[in-house]
Amino acid sequence: MSVDAAVLSRWGYDTRVAAALVSQVSGLEAPPGLVLARVVQVDRGECDVVTAQGMLRVGSDSVRAQAVTAPVTGDWVQFVQFDDSQGLAVISRVLPRFSELTRRDPSERAGDQVLAANFDVVGIVAGLDRPLPAGRFERMLVMAKDSRAETVILLTKADQTTDAAAAAETVRAVAGGVEVLILSAQSGLGLDRLRSKLGAGRTMVLLGASGSGKSTLVNALAGAEVAETAKVRASDRRGRHTTVARRLVLLPDDAGLVIDTPGVRALGLTDAQQALSQVFGDIEERGRSCRFSDCAHGAEPGCAVNEAIRSGSLDPRRLQRFIALRDEVARQEPPRR
Ligand SMILES: Nc1nc2c(ncn2[C@@H]2O[C@H](COP(=O)(O)OP(=O)(O)OP(=O)(O)O)[C@@H](O)[C@H]2O)c(=O)[nH]1
Ligand SMILES: [Mg+2]
Ligand SMILES: [Zn+2]
């Protein structure tokens with residue numbers, strides 16, 4: 001490992017990044033003196049990146065640059081280091097990602113939006129100070145599974161409820177085997193278990209509604225106020241969209257890295273067919289016994305899924321949520337050729 005790589009390993013440099021580095025540029029001569037960096041934050045066409053020499057601001061103009069992909073938080077990139085007088089260095093390559101969190105653009109005008117890249121774990125955060133809507137979990141679970149990283153559900157603010165264990169059971173019922181942790185940033189409950197999901201060079205991205213407690217968890221892990229937090233509205237427990245940018249935070253003592261994200265307003269889904277079957281594997285399993293192999297589990301005769309509902313072994317609301325998500329995914333997928 002080069003000296004630079006050794007320094008950057010705290011920031012997540014590992015064999016996957018090394019492989020991505022050499023897998024690059026077929027036919028394209030790599031310019032000499034490329035600097036390797038990880039994107040900490042993207043801000044209006046510029047990026048804060050970390051190199052072996054420290055933090056730096058570089059351009060992310062993907063038109064001027066050869067980069068075909070727009071860099072996002074967590075990306076590994078390379079840029080040409082100019083002599084200081086030449087102004088802002090511009091990223092010339094974004095390395096292939098080993099994981100990415102994607103949502104459909106809420107305005108529906110642009111295509112998919114990549115929220116973060118190159119993380120090992122997705123932490124789906126929900127606050128126990130408010131009701132836990134199963135539909136929202138399933139939606140976030142599909143996104144998380146689609147990202148190619150490990151998933152964990154983080155039920156935080158356990159100090160705000162009298163029965164955290166019961167809430168966790170409700171979530172486990174839709175979580176399809178995903179680990180559910182009960183946490184409190186206030187009392188410190190569960191934080192050691194959360195830390196064990198991280199560790200040197202490992203990155204976790206936090207996903208969840210505004211006010212669910214993501215930034216507070218980042219601060220608890222960091223042991224310092226590194227992220228801004230704000231009270232939720234007392235009237236309806238809704239958050240205030242306090243965090244405005246996705247930011248990669250290096251935890252002290254080589255405890256790993258966390259990407260804090262703003263509360264997502266609209267969670268679109270993308271190319272999520274496979275992830276959908278993971279989250280709703282039980283429905284798919286039952287569907288194999290339907291009379292028609294392409295049964296949509298609507299009014300078809302001999303539908304094993306609807307039979308499971310009649311017999312009480314499947315929650316009809318779960319089937320409704322499955323159908324809604326399945327149809328949403330189908331609308332987004334390009335027609336099969
Ligand atoms: N009692 C208690 N309050 C918490 C806990 N975690 C977070 N909070 C409070 O919940 C509120 C919202 O927390 P944030 O961390 O700002 O939420 P967020 O998910 O980052 O929200 P956005 O940045 O808007 O997406 C703050 O007032 C926190 O103090 C907890 O474990 N216990
Ligand atoms: Mg926040
Ligand atoms: Zn069926």
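Remember, it's 1-based here, ligands and their atoms both numbered in the order they're listed.
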Within a distance under 4.0 Å of any heavy atom of [X], pick out the atoms of ligand 1 and give their elements.
| X | result |
| --- | --- |
| Ser184 | 31 (O) |
| Thr156 | 31 (O) |
| Gly263 | 25 (O) |
| Gln160 | 1 (N) |

### Heavy-atom side-chain contact between Thr156 and Thr216 under 4.5 Å
no

Any side-chain heavy atom of Asp43 within less than 4.5 Å of one from Asp48? no

Atom name of the N, O or S atom of His297 nearest to the Zn ion (ligand 3) is ND1

For [atom], which candidate among [options] holds the nearest heavy atom?
| atom | options | answer |
| --- | --- | --- |
| atom 1 (N) of ligand 1 | Leu217, Leu183, Asp159 | Asp159 |
| atom 31 (O) of ligand 1 | Ala227, Ala185, Gly127, Ala209 | Ala185 |
| atom 26 (C) of ligand 1 | Gly213, Ala230, Ala220 | Ala230 |
| atom 15 (O) of ligand 1 | Asn219, Thr216, Val125 | Thr216 |
| atom 9 (C) of ligand 1 | Lys157, Lys214, Lys231 | Lys157 |

Row for the Zn ion (ligand 3): angle SG (Cys295) to SG (Cys290), 10° precision, value 110°

* Taking atom CZ of Arg172 as the centre, does the number of heavy atoms from other residues, nucleotides or ligands within less than 6.0 Å exceed 12? -> yes

CG/Asp253: more than 12 non-hydrogen atoms of other groups inside 6.0 Å: no

Would a hydrophobic clustering, with Ile, Leu, Val, Met, Phe, Trp and Tyr connected at side-chain separations under 4.5 Å, put Met204 with Leu248? no

Under 4.0 Å between heavy atoms, the region of Thr229 that gets near ligand 1 turns out to be both

*asked:* Could you check whether Arg318 pairs with Glu138 (Lys NZ or Arg NE/NH1/NH2 to Asp/Glu carboxylate O, under 4.0 Å)?
replied: yes

With a cut-off of 2.8 Å, does Ser215 put an N/O/S atom close enough to the Mg ion (ligand 2)? yes

For atom 24 (O) of ligand 1, the closest protein heavy atom turns out to be Ser210 OG, 2.6 Å

For atom 21 (O) of ligand 1, the closest protein heavy atom turns out to be Gly211 N, 2.9 Å

Compute the minimum heavy-atom distance from Gly208 to ligand 1 and say whether it is under 4.0 Å. no

Nearest heavy-atom contact between Pro316 and Ile309 is CA-CD1, 3.8 Å

Which label fits His297 and Phe322: parallel for a plane angle under 30°, tilted from 30 to 60°, or perpendicular past 60°? tilted

query = Between Ser147 and Ser99, is there a donor-acceptor pair closer than 3.5 Å when you use the side chain of the first and the backbone of the second?
reply = no

Just do the side chain to side chain contact (heavy atoms under 4.5 Å, CB included) check on Thr261 and Leu115 with the steps written out, would you? CA-CA 8 Å; Thr261 70; Leu115 301 177; 5.9 Å; no

